[in-house]
Amino acid sequence: MMSPMKKVWQRALGVLVLLALGVAGGVAWLQARDQARSYASESDKASALPALALPERVARGAYLARVGNCASCHTARGGMAYAGGRAIGTPFGTVYAGNLTPDPETGLGRWSADDFWRAMHHGRSRDGHLLNPAFPYSSFTRVLRSDSDALFAYLQQLPAVAQANRAHALRFPFNTQLALTVWRALYFKPAVFEPEPAQSDAWNRGAYWVTGLGHCAACHAPRNGLGASVRADELGGGMIATQGWYAPSLSDAHEAGVLRGKPQAMVDLLKTGRSGNASVVGPMAEVVFRSTQYMAIEDLNDMVLYLQSLSKPALIQAASSAFRQAPGKPDLRFTQGEKIYSTHCAQCHGEQGQGVSAIYAALAGNRAVTMANPANLVRVVVQGGFAPATTGNPRPFGMPPFRQTLDDAQIAAVLSYIRQAWGNEASAVSPLEVLQNLQANEAH
Ligand code: HEC
Ligand code: HEC
Ligand code: HEC
């Protein structure tokens, strides 16, 4: 959501960045330091494991590419796999993920495994220039050298596609290497995955997937005005810039409903896109569709073990009771919403919001409905959507889009209703919030 306040902040931060750019001496020093870090001996910390033979390395690389969801960003809509060209919106403009096929002119054909490791681990391209953090190297930096080599071996045997990279369309000063130098000095440090000796092997493997290749923090982390995740709580929940979707906290059981349930429910959700009558929607549906559905059950078990260990006792949200309906005294919006609900929604989600098991999501008692931030509800009702098609859920049912049928005030009314009916106790949604949420998408 791009509030005017946030714009002001971003502008102020832009000025700050410019000031920082002015301090040329300091910047030169930062660059030298970044350079030194990038070539430090870490790159030689090859794992002690014997290198895999090529066919095994390629097979492992193919699996890892699913976990890291590389194809999703590095494939243009309707384009050749891994040939690049997909536009990725950031608050600072658009970046284009490049060609990863082994074409020598336009792709990684001339790259060595060391060059590739430097990109994954240090966020630097082959010629040494700094890469934009829309490439989630803040997470990928934790990938082990042996896994980086496996990914590289896989990418190198793909069919070469000659397709030149598109230039990024970023606003000044965010399009400069100096801005990236400053950003990196503030927010990025190459990291090595360090297992926690006090935890089990399974927990450590889960942590490796979640905080490394899985890059769950790319969406689930809270971000500051410069797009950096600065809180220690890396999975504390965040708005996805320019898309108007909110990726809920995975450490607060109040938001991540599945944390409260059995581990199996969360494994099901990541494997099939559905669990009981909850399902994933929007950007998470794409993550399940392209990535987690291909992960081995053992790896998903490890991830869930790690995620559930982060869970903190649910925070009591003062906001959610502030707007509570006094029983027997429904206000106008609630009554309007009830009518809209029974006309447009009840045939699928049930008069009591009970849903239809394994077909239509229950809305009563659903954390996606009562979460403090209503952004996803606006998205779902306006855009409609499908849960991802997976082996475990091959023909998901769809939710129709209501963009043409309901106006902002009616959407606000029906959302207020489902947040407060059947024992749900969340704040009402105003027409202004609906409007702001819709504009968050169109502003870019
Ligand atoms: C969320 C989107 C996203 C995902 C997921 C992603 N990338 Fe990228 N990647 C980018 C963007 C954007 C760039 C361009 C950065 C730049 O040019 O500054 C990039 C750049 C790169 C580069 C540097 C290319 C060059 O010419 O310098 C490599 C190598 C790379 N990605 C590999 C991978 C691999 C391997 C994976 C999966 C493990 C992956 N990427 C997943 C967005 C992504
Ligand atoms: C591209 C952005 C993106 C990435 C990457 C991403 N998520 Fe999500 N995730 C979302 C959004 C948006 C939602 C909210 C929509 C929904 O509930 O389906 C969500 C919802 C979820 C939920 C549902 C919470 C609940 O309790 O119902 C889980 C679990 C989850 N994500 C786990 C993960 C894990 C684990 C990873 C890393 C492997 C991950 N996500 C990576 C965007 C993302
Ligand atoms: C034709 C049947 C149908 C109708 C009519 C319908 N929905 Fe849905 N709805 C679905 C399906 C199927 C899903 C799951 C889609 C998905 O996972 O992307 C869903 C998902 C949702 C979700 C997300 C639940 C979650 O767990 O993330 C909400 C909220 C929702 N619907 C609200 C509404 C409202 C409000 C209306 C009326 C304005 C409505 N629906 C009308 C079928 C329907």
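Residue numbers start at 1 and run along the sequence shown. Order of listing sets the numbers, starting from 1, for every ligand and every atom in it.
Remark: minimum distance from atom 27 (O) of ligand 1 to any protein heavy atom is reached at Ser125 OG, 2.6 Å. Counting only heavy atoms of the protein, atom 8 (Fe) of ligand 1 lies nearest to His74 NE2, 2.0 Å. When hydrogens are left out, the protein atom nearest atom 38 (C) of ligand 1 is Cys70 SG, 2.6 Å; that is the closest non-hydrogen contact. Among protein heavy atoms, atom 23 (C) of ligand 1 sits closest to Leu131 CD1, 3.8 Å. Scanning the protein heavy atoms around atom 18 (O) of ligand 1, the nearest turns out to be Asn132 N, 2.6 Å. Scanning the protein heavy atoms around atom 28 (C) of ligand 1, the nearest turns out to be Leu100 CD2, 3.7 Å. Counting only heavy atoms of the protein, atom 43 (C) of ligand 1 lies nearest to Cys73 CB, 3.5 Å.
Listed by atom number, the atoms of ligand 2 under 4.0 Å from Met266 heavy atoms are 29 (C). Close approach of ligand 2 to Cys219 is summarised as follows: ligand atoms under 4.0 Å from at least one heavy atom of the residue are 1 (C), 2 (C), 3 (C), 4 (C), 5 (C), 42 (C), 43 (C). Atoms of ligand 2 lying under 4.0 Å from at least one heavy atom of Val280, given by number and element, are 18 (O). Within ligand 3, counting atoms from 1 as listed, the ones closer than 4.0 Å to a heavy atom of His344 are 5 (C), 37 (C), 41 (C). Ligand-side atoms of ligand 3 in range of Leu377: 29 (C), range being under 4.0 angstrom from any heavy atom. Heavy-atom contacts of Gly214 reach the following atoms of ligand 2: 37 (C), 38 (C) (cutoff under 4.0 Å). Near Phe386, the atoms of ligand 3 lying under 4.0 angstrom from a non-hydrogen atom of the residue are 16 (C), 18 (O). The distance from ligand 3 to the heavy atoms of Leu363 drops below 4.0 Å at these ligand atoms: 28 (C), 29 (C), 30 (C), 32 (C). Contact atoms of ligand 2 toward Leu307: 35 (C) (distance under 4.0 Å to a heavy atom of the residue). Each of the atoms 1 (C), 2 (C), 42 (C) of ligand 1 lies under 4.0 Å from some heavy atom of Ala134. Taking every non-hydrogen atom of Asn376 and a distance limit under 4.0 Å, the qualifying atoms of ligand 2 come out as 14 (C), 15 (C). For ligand 3, the atoms lying closer than 4.0 Å to a non-hydrogen atom of Phe397 are 12 (C). Less than 4.0 angstrom separates some heavy atom of Gly385 from each of these atoms of ligand 3: 15 (C), 18 (O). For ligand 3, the atoms sitting less than 4.0 Å from at least one non-hydrogen atom of Cys348 are 1 (C), 2 (C), 3 (C), 4 (C), 5 (C), 43 (C), numbered in the order shown with element in parentheses. Set against the non-hydrogen atoms of Val281, the atoms of ligand 2 under 4.0 Å away are 15 (C), 16 (C), 18 (O).
Contact annotation for Pro400 and ligand 3: only side-chain heavy atoms (C-beta onward) come within less than 4.0 Å of the ligand. Heavy atoms from both the backbone and the side chain of Cys216 come within less than 4.0 Å of ligand 2. With a 4.0 Å cut-off on non-hydrogen atoms, Val210 does not touch ligand 2 at all. If you look at Asn99 next to ligand 1, there are no close heavy atoms at all, none under 4.0 Å. When non-hydrogen atoms are compared, ligand 2 lies under 4.0 Å from neither the backbone nor the side chain of Asn69.
Residue contacts with ligand 1 include His215, since one of its heavy atoms falls under 4.0 Å from the ligand. Residue contact check for ligand 2: Val287 places a non-hydrogen atom closer than 4.0 Å to it. Under a 4.0 angstrom heavy-atom cut-off, Val67 registers as lying outside contact with ligand 2. Residue contact check for ligand 1: Pro136 places a non-hydrogen atom closer than 4.0 Å to it. For Pro248, the closest heavy-atom approach to ligand 2 falls below 4.0 Å. For the pair Ile411 and ligand 3, no heavy-atom separation below 4.0 Å is found.
Considering backbone and side-chain atoms alike, Ala368 places every N or O at 3.5 Å or more from each N or O of ligand 3. An N or O contact shorter than 3.5 Å is missing between Trp111 and ligand 1 by distance. For ligand 2, the polar-atom distance check finds no N/O of Tyr246 at less than 3.5 Å from any of the ligand's N/O atoms. At a 3.5 angstrom cut-off on N or O pairs, His129 does not count as close to ligand 1. In terms of polar-atom proximity, His168 is counted as a contact of ligand 1, with an N or O under 3.5 Å from an N or O of the ligand. Ligand 2 has no nitrogen or oxygen under 3.5 angstrom from a nitrogen or oxygen of Met284.
No side-chain donor-acceptor contact under 3.5 Å links Asn424 and Thr370. For Arg274 and Asn393, the side-chain atoms include at least one donor-acceptor pair closer than 3.5 Å.
Cation-pi geometry between Arg166 and Tyr96 is met: under 6.0 angstrom from the ring centre, within 45 degrees of the axis. Geometrically, Arg66 engages Tyr294 in a cation-pi contact defined by less than 6.0 Å to the ring centre and at most 45° from the axis.
Among Ile359, Thr405, Asn366, the residue whose heavy atom lies nearest to atom 25 (C) of ligand 3 is Asn366. Compare Cys345, Ser279, Ala362 by their heavy atoms: the one nearest to atom 36 (C) of ligand 3 is in Cys345. Remark: among candidates Tyr96, Phe135, Tyr137, the nearest residue to atom 19 (C) of ligand 1 is Phe135, based on non-hydrogen atoms.
Here the straight-line distance linking atom CG of Asp103 with atom CD of Gln163 works out to 10.0 Å at 0.5 Å rounding.
The angle that Met399 SD and His349 NE2 make at atom 8 (Fe) of ligand 3, rounded to 10°, works out to 180°.
The ring of Trp117 has its center no closer than 6.0 angstrom to the ring center of Phe140.
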Trace of the side chain to side chain donor-acceptor pair (under 3.5 Å) decision for Asn99 with Thr101: CA-CA 6 Å; Asn99 186 343; Thr101 74; 2.8 Å; yes
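At a cut-off of 2.8 Å, His220 is counted among the residues with an N, O or S atom near atom 8 (Fe) of ligand 2.
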